[in-house]
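Note that ligands are numbered from 1 as they come in the structure, with each ligand's atoms numbered from 1 the same way.
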Amino acid sequence: MKILFHICCSNCALYPVKLLRAEGHDFTGIWYNPNIQPVDEYRLRLASLKKLSDEWHIDIFYDEQYRPEEFLKSVNGFSQPAPERCKFCYTLRLEKAAAKARDEGFEAFSTTLLISPYQDFEQITVTGKKLANKYNLHFYMKDFRPYFRDAMSFAKELGLYRQKYCGCLFSKLERENAVKSEEILKARKKNTLPSNHQT
Ligand code: SF4
């Protein structure tokens, strides 16, 4: 089948590319991720995907212009907490892939987000199926999550950039706060912080 895959990052693309090629599908990618902030992070992830696509000869449509306002508009600025925010973020990116798939004559579309255990698999598939109806396409659905750990080790071997947070600034702050809380808990266990320490 001729499938257009939305690609969120190089690491998450590894197994979908490998597995689909092994199954005899025609894999093409599309890069559209206005959710990634700040711009330096966006460039790192994009460069890593280009490195992979050069080495593995993957055809990819790149929408490279950095437009975080498209993401912020879709999640209504600061007013959407996760997981509500992520629903809009999935729709924004998958709809771009679906529209491109229809315009370019693909039979199906999908997303590499399906490999990440940190994403909402059910919500992504609901969104994908809705868009498939709207654009008269198939949504290629496979649970790639069992390959996630191997994919991350493989990405390390290949020297790909491995990000530390999902993408938007909200997720960056959430990750930083979680790390900080963990450090405080560890410090408390070692009695190096007073129990009334506030952060
Ligand atoms: S946490 Fe990830 S999926 Fe959710 S809105 Fe942010 S970038 Fe999108």
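- Remark: side-chain polar atoms of Tyr118 are not paired, donor with acceptor, to backbone N or O of Tyr165 under 3.5 angstrom.
- Distances shorter than 4.0 angstrom do not occur between any heavy atom of Glu174 and any atom of ligand 1.
- Annotation: cation-pi pair Lys87/Tyr90 absent, no NZ/CZ under 6.0 Å from the ring centroid and within 45° of its normal.
- Geometric assessment of Arg21 against the ring of Phe5 yields a negative cation-pi assignment under the 6.0 Å and 45° thresholds.
- A cation-pi arrangement, defined by a distance under 6.0 Å to the six-membered ring centre and an angle within 45 degrees of its axis, is present between Lys100 and Phe61.
- Below 4.0 Å from some heavy atom of Asn35 lie the following atoms of ligand 1, by number and element: 7 (S).
- Close contacts between ligand 1 and Arg85 involve ligand atoms 1 (S), 5 (S), 6 (Fe) [criterion: under 4.0 Å to a heavy atom].
- For CG of Asp103, the number of neighbouring non-hydrogen atoms (other residues, nucleotides, ligands) closer than 6.0 Å is greater than 12.
- For the pair Tyr165 and ligand 1, no heavy-atom separation below 4.0 Å is found.
- Atoms of ligand 1 found under 4.0 Å from any heavy atom of Cys89 (numbered from 1 in listed order, with element): 3 (S), 5 (S), 8 (Fe).
- Put simply, Cys168 stays out of reach of atom 2 (Fe) of ligand 1, with no N, O or S atom under 2.8 Å from it.
- By the criterion of a heavy-atom distance under 4.0 Å, the side chain of Ser171, and not its backbone, is placed next to ligand 1.
- Of the heavy atoms in Cys86, both backbone and side-chain atoms come closer than 4.0 Å to ligand 1.
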| Can Asn33 and Arg45 be said to form a side chain to side chain donor-acceptor pair (under 3.5 Å), step by step? | CA-CA 10 Å; Asn33 296 294; Arg45 297 190 197 186; over 6 Å; no
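- Here Phe88 has no heavy atoms under 4.0 Å from ligand 1, in either its backbone or its side chain.
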